[in-house]
Visitor: 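The following block contains the structure, expressed as structure tokens.
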Amino acid sequence: MRVLALGGAGEMGAAAAAVLAAADSVTEVVIADRDLSRATAVADSLGAKVSARRSDATDHAGLVTAMRGFDLVVNTVGPFFRFGVPILTAAIEAGCDYVDICDDPEPTLRMLELGEQAEAAGVCALIGTGASPGIASMLAVRAARELDTIETILTGWNIGAAPPETPHSGTGPSAAVVHMMEQISGTIPMLREGRLVRRPALEKVEWIHPGLGTLTGRTVGHPEAVTLHRAFPTLRESTNVCVGDKAALTLLAALRRFIDAGALTLDRAARLLERAERLLSSTTSDIFKQGTPPPLFAVATGIRHGSPGIAATILANTPGFTMAAATGVPLAVSALLIPSARRPGVHTQETLIDPDDFFTALAAHCIGSPPPARMTATTTSWASELENKQAFDTSLLTALMIP
């Protein structure tokens with residue numbers, strides 16, 4: 001399989017390229033980036049299979065030409081509310097399978113609308129395959145499998161769990177932080193009473209997490225809230241939240257107010273957040289406190305054996321504690337699963353990839369290479385306190401979260 005890694009010189013793209021280059025099924029990886037020197041440095045570090053070329057994501061004709069001849073395009077060029085739809089459109093025109101880490105809900109919906117075009121071209125496109133969405137979507141499927149009927153799903157992530165590996169050194173703010181500013185401001189889409197609606201960002205949400213108790217978070221615009229109902233037709237409500245310490249959430253709320261008032265642009269707010277991150281950075285020990293939500297989790301409510309029930313599944317092991325590892329590694333794992341799961345069209349993780357296959361493949365790239373059965377931990381409202389504690393004991397990290 002020949003792979004074109006768009007944006008492969010960035011942290012997340014480079015992490016994905018490293019996994020792809022090490023896979024026996026991949027014969028060639030080309031790092032395509034607007035910064036040729038950085039792309040060359042990444043390629044040189046990954047061995048003989050990997051080479052570099054310059055690529056401009058704003059040049060549609062050039063992108064189509066560059067993609068032709070490759071089996072798969074791996075896209076980490078963000079923010080996706082600017083680049084997601086154009087790059088997928090180019091891949092469909094070039095006839096290449098496609099995978100990305102799109103974490104913006106609006107372009108996710110627009111890319112899903114390209115499904116008929118992709119199907120007609122024989123292209124399989126998988127969007128949103130990083131940490132959230134991606135891992136979070138797989139956790140949601142596992143939690144939902146515990147119930148007979150699914151009514152609500154809440155997915156969430158800890159904002160301190162995956163900081164950037166190095167301070168951003170480009171001429172502007174990082175795409176990931178610009179994305180964050182977009183999705184904490186204005187109104188965001190989510191599922192309510194079985195239909196998509198828009199609500200103000202950063203609304204406070206409270207939920208019961210079996211084994212951890214009552215937890216709180218703030219709503220953030222993310223694809224899970226607008227795609228999971230495609231996999232679960234009975235779903236009435238779907239929400240994505242972020243959790244974090246008081247200082248981090250207070251800062252986000254302040255930035256939201258300035259953005260909504262027109263006092264800050266998204267890019268300017270992103271620059272301010274990047275500066276603040278260097279002062280408010282979390283450590284691994286801060287994340288895994290007793291009673292604190294883990295880095296990634298999903299909570300499903302519904303009916304089990306005729307009675308209301310709650311099931312929660314968390315990520316119990318991780319490929320690393322940086323944004324690069326948390327996003328780039330699952331992207332590559334999903335890309336390598338496409339040949340066996342492929343169906344022409346545009347898909348999200350929960351509608352194309354089986355979570356058992358995903359977590360089995362991801363386990364090999366996690367710290368300590370844990371057994372696949374210990375990649376996640378599921379707790380339920382019908383289990384005893386001891387049973388839920390034993391579920392958390394599947395890894396050293398999750399064992400720290402409860403007394």
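Numbers for residues simply follow the sequence, beginning at 1.
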Visitor: Is it true that Arg54 and Asp35 make a salt bridge, defined as a side-chain N closer than 4.0 Å to a carboxylate O?
Guide: no
Visitor: Just by distance, with hydrogens left out, do Glu11 and Thr322 show a side-chain donor and acceptor under 3.5 Å apart?
Guide: no
Visitor: Do the side chains of Thr348 and Ser137 get nearer than 4.5 Å, heavy atoms only?
Guide: no
Visitor: List the atom of Ile87, the atom of Ala57, and the distance in Å for their closest heavy-atom pair.
Guide: CD1-CB, 4.1 Å
Visitor: Does any part of the side chain of Pro79, heavy atoms only, come nearer than 4.5 Å to the side chain of Glu182, both counted from C-beta?
Guide: no
Visitor: As a quick check of understanding, evaluate side chain to side chain contact (heavy atoms under 4.5 Å, CB included) for Ile353 and Met138, giving each step before the final call.
Guide: CA-CA 8 Å; Ile353 303 296; Met138 297 285 88; 4.3 Å; yes
Visitor: Once you round to the nearest 0.5 Å, how far does CZ of Arg256 lie from CD1 of Ile184?
Guide: 8.0 Å
Visitor: If only atom types and distance count, is the side chain of Ser185 paired as donor or acceptor with the main-chain N or O of Asp260 below 3.5 Å?
Guide: no
Visitor: Decide yes or no on ring-ring contact (aromatic ring centres under 6.0 Å, His included) for Trp382 and His305, but give the supporting numbers first.
Guide: CA-CA 11 Å; Trp382 56 88; His305 297 170; 7.9 Å; no
Visitor: Could you pull out the closest heavy-atom pair between Ala9 and Ile31, with the gap in Å?
Guide: N-CG2, 3.7 Å
Visitor: Quick check against the 3.5 Å criterion: does Ser381 have a side-chain atom that pairs as donor or acceptor with the backbone of Ile310?
Guide: yes
Visitor: Check step by step if side chain to side chain donor-acceptor pair (under 3.5 Å) holds for Thr227 and Glu350.
Guide: CA-CA 9 Å; Thr227 67; Glu350 65 272 14; 2.8 Å; yes
Visitor: For Arg374 versus Asn317, what's the shortest heavy-atom pair and its separation?
Guide: O-ND2, 2.5 Å
Visitor: So do Trp207 and Thr214 actually touch side chain to side chain, heavy atoms under 4.5 Å?
Guide: no
Visitor: Angle class for the His222/Trp157 ring planes (parallel below 30°, perpendicular above 60°, tilted otherwise)?
Guide: tilted
Visitor: Apply the test side chain to side chain donor-acceptor pair (under 3.5 Å) to residues Thr239 and Arg192: give CA-CA distance (whole Å), side-chain angles for both, the deciding distance (0.1 Å), then the verdict.
Guide: CA-CA 9 Å; Thr239 307; Arg192 290 290 183 272; 2.9 Å; yes
Visitor: For Glu116, is the CD atom crowded, meaning more than 12 foreign heavy atoms sit under 6.0 Å from it?
Guide: no
Visitor: Can you spot which of Thr155, Thr376, Leu362 makes a side-chain contact (heavy atoms from CB on, under 4.5 Å) with Ile135?
Guide: Leu362
Visitor: Look up atom CG in Asn240 and atom CG in Leu228, then write down how far apart they are to the nearest 0.5 Å.
Guide: 9.5 Å
Visitor: With a 4.5 Å limit on heavy-atom distance, are the side chains of Thr219 and Arg199 in contact?
Guide: no
Visitor: State whether a side-chain donor-acceptor pair under 3.5 Å links Thr301 with Thr152.
Guide: yes
Visitor: Where do Met375 and Cys366 land on the side chain to side chain contact (heavy atoms under 4.5 Å, CB included) test, with the steps shown first?
Guide: CA-CA 9 Å; Met375 283 299 299; Cys366 287; 3.4 Å; yes
Visitor: Where do Ala298 and Ala143 come nearest, in terms of heavy atoms and distance?
Guide: O-CB, 4.0 Å
Visitor: Check whether any side-chain N or O of Thr76 sits under 3.5 Å from a backbone N or O of Met12 as a donor-acceptor pair, and report yes or no.
Guide: no
Visitor: Decide side chain to side chain donor-acceptor pair (under 3.5 Å) for Thr313 and Thr378; before the verdict, give the C-alpha distance in whole Å, the side-chain angles of both, and the deciding distance to 0.1 Å.
Guide: CA-CA 4 Å; Thr313 303; Thr378 298; 2.8 Å; yes
Visitor: Just by modelled atom types, is the Thr187 backbone N or O under 3.5 Å from a matching donor or acceptor in the Arg198 side chain?
Guide: yes
Visitor: Any sub-3.5 Å donor-acceptor pair from Asp354's side-chain atoms to Asp356's backbone N or O?
Guide: yes
Visitor: Side chains of Val50 and Val30: closer than 4.5 Å at any heavy-atom pair?
Guide: no
Visitor: Check whether any side-chain N or O of Asp100 sits under 3.5 Å from a backbone N or O of Gly128 as a donor-acceptor pair, and report yes or no.
Guide: yes
Visitor: Side chains of Leu4 and Val74: closer than 4.5 Å at any heavy-atom pair?
Guide: no
Visitor: Asp357 and Thr360: side chain to side chain contact (heavy atoms under 4.5 Å, CB included), yes or no, with the steps?
Guide: CA-CA 5 Å; Asp357 294 338; Thr360 295; 5.9 Å; no
Visitor: Step by step, work out the side chain to side chain donor-acceptor pair (under 3.5 Å) result for Ser238 and Glu224.
Guide: CA-CA 7 Å; Ser238 186; Glu224 298 96 319; over 6 Å; no
Visitor: Any ion pair linking Glu28 and Arg2 (charged N to carboxylate O, less than 4.0 Å)?
Guide: yes
Visitor: Give, for atom CD1 of Ile127 and atom CG of Leu352, the distance between the pair rounded to the nearest 0.5 Å.
Guide: 11.0 Å
Visitor: In plain terms, say whether Arg82 and Asp267 are close enough for a salt bridge, that is, a side-chain N and a carboxylate O under 4.0 Å apart.
Guide: yes
Visitor: Does the side chain of Pro344 come within less than 4.5 Å of Cys124's, by heavy atoms?
Guide: no
Visitor: Nearest 0.5 Å please: distance from the CE atom of Met111 over to the OH atom of Tyr98.
Guide: 5.0 Å
Visitor: Can you see which heavy atom on Ala5 is nearest to which on Val29, and at what distance?
Guide: CB-CG1, 4.4 Å
Visitor: Any salt bridge between Arg195 and Glu237, counting N to O under 4.0 Å?
Guide: no
Visitor: Could you check whether atom CD1 of Ile303 has more than 12 heavy atoms from other residues, nucleotides or ligands sitting under 6.0 Å from it?
Guide: yes
Visitor: Going by heavy atoms in the side chains, are Leu336 and Met1 under 4.5 Å from each other?
Guide: yes
Visitor: Between Asp33 and Ala39, is there a donor-acceptor pair closer than 3.5 Å when you use the side chain of the first and the backbone of the second?
Guide: no
Visitor: Please report the C-alpha distance between Phe297 and His209 in whole Å, then the side-chain angles of each, then the deciding distance to 0.1 Å, and finally whether the side chain to side chain contact (heavy atoms under 4.5 Å, CB included) criterion is met.
Guide: CA-CA 10 Å; Phe297 57 93; His209 190 122; 4.2 Å; yes
Visitor: Could you tell me whether a side-chain N or O of Lys49 sits under 3.5 Å from a main-chain N or O of Ala23, the two making a donor and an acceptor?
Guide: yes
Visitor: Working to the nearest 0.5 angstrom, can you tell me the gap between Asp245 CG and Asn158 CG?
Guide: 8.5 Å
Visitor: Arg218 and side-chain contact (heavy atoms from CB on, under 4.5 Å): which single residue from Leu202, Val241, Leu252 fits?
Guide: Leu202
Visitor: Main chain of Ser384, side chain of Glu387: is a donor-acceptor contact present, judged purely on distance under 3.5 Å?
Guide: yes
Visitor: Locate the shortest heavy-atom distance separating His60 from Pro86; write the atom from each residue and the value.
Guide: ND1-O, 4.3 Å
Visitor: Under 3.5 Å, is there a donor on one side chain and an acceptor on the other for Thr234 and Glu151?
Guide: no
Visitor: Please confirm whether the backbone N or O of Val73 pairs with a side-chain atom of Asp97, one donor and one acceptor, at under 3.5 Å?
Guide: no
Visitor: Please round to the nearest 0.5 Å and tell me the distance separating atom OG of Ser307 and atom CG of Asp148.
Guide: 10.0 Å
